[in-house]
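One structure below.
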Amino acid sequence: MALLPILKYPDPRLREVAKPVAVVDDGVRRLVDDMLETMYAQEGVGLAATQVDVHRRVIVMDTSSERNRPVVLINPQLTARSEELGFSEEGCLSVPATFERIARHERVTVQALDREGQPFELQAEGLSAVCVQHEMDHLDGKVFVEYLSPLKRDRIRTRMLKRARETQRA
C-alpha cells in the first residue's frame, strides 16, 4: 500500500469528471487500498479517486467513530434522496483547514459495487449521507466550495494559492 498525494483546490484536475470503472480488478483493489491508507493517514472520513488524480468513479469512506468500518463505493449512483435538507460543517482533504456550513439531503440511497465488484445498496443518513454526497460531487468535478458565495469561494481560492506558493518556496 502507498500514501497518495492529494490534489489541492483550485487545481484544475479536481474539475475533471471521473469515468466509470469497467472491471473491478487487482488494479482497482490496489487503488482502493491506497486510498483508504491515504484517507486514514490524513484523518479524513472520505476520499474520491479524483482527489488523488485518478479519474475513475471510486470512493472510500469511514464515518465510524472507531475508524474501523471502511466503505468502498465503485461506480456509485444515487437512487433516492430525502426532501429534507440539513446543514453541517464540511471540510475537505483537498481544501485543508477550511470548514463551511453546506446544505445536503439528510438521507440518501446509493447503489454501487464493493471492493470485490459485487453490487450492493447503501442507505445513509447523517454524516454518512453528507460524506456520500460530498465525495460523489468530487467524481462529478465539483468541490464543496462551489456551494458558497462567490466572495467566500474567492477568499478560499486566494488563501489556497498563497499556501501553495509558500509551500513551493520552502
For this session: Could you verify whether a donor N or O on one side chain and an acceptor N or O on the other, from Arg81 and Thr109, lie under 3.5 Å apart?
Result: no
Exercise. Taking side chain as C-beta onward, heavy atoms only, is Tyr40 less than 4.5 Å from Pro70?
Worked result: yes
For this session: Quick one: closest heavy-atom pair of Cys131 and Gly46, and the distance?
Result: SG-CA, 3.8 Å
For this session: Step by step, work out the side-chain hydrogen bond (donor to acceptor under 3.5 Å, both in side chains) result for Arg56 and Thr50.
Result: CA-CA 7 Å; Arg56 299 178 76 189; Thr50 300; over 6 Å; no
For this session: Identify whether NZ of Lys or CZ of Arg in Lys142 sits under 6.0 Å from the centre of the six-membered ring of Tyr147 and within 45° of that ring's axis.
Result: yes
Problem set entry | Which atom of Val110 lies closest to which atom of Met136, heavy atoms considered | CG2-SD, 4.2 Å
Exercise. Among side-chain atoms of Gln111 and Thr79, is any donor-acceptor pair under 3.5 angstrom?
Worked result: no
For this session: Search all heavy atoms of Ala124 against all heavy atoms of Val132 and return the closest pair with its distance.
Result: CB-CG2, 4.5 Å
Exercise. Take atom CZ in Arg159; do more than 12 heavy atoms of anything else shown fall under 6.0 Å from it?
Worked result: yes
Exercise. Is the shortest heavy-atom distance from the side chain of Val60 to the side chain of Val71 under 4.5 Å?
Worked result: no
Seminar exercise, completed: Between Leu31 and Leu4 the two heavy atoms that sit nearest each other are CD1-CD1, 4.4 Å
Exercise. Looking only at heavy atoms, which two atoms of Met160 and Val95 are closest? And how far apart?
Worked result: CE-CA, 4.1 Å
Problem set entry | Heavy-atom neighbours of Arg163 CZ exceed 12 at 6.0 Å | yes
Problem set entry | Polar side chain donor-acceptor pair, His134 to Glu90, under 3.5 angstrom | yes
Problem set entry | Residue pair Arg69 / Asp62: nearest heavy atoms and the distance that separates them | N-OD2, 2.9 Å
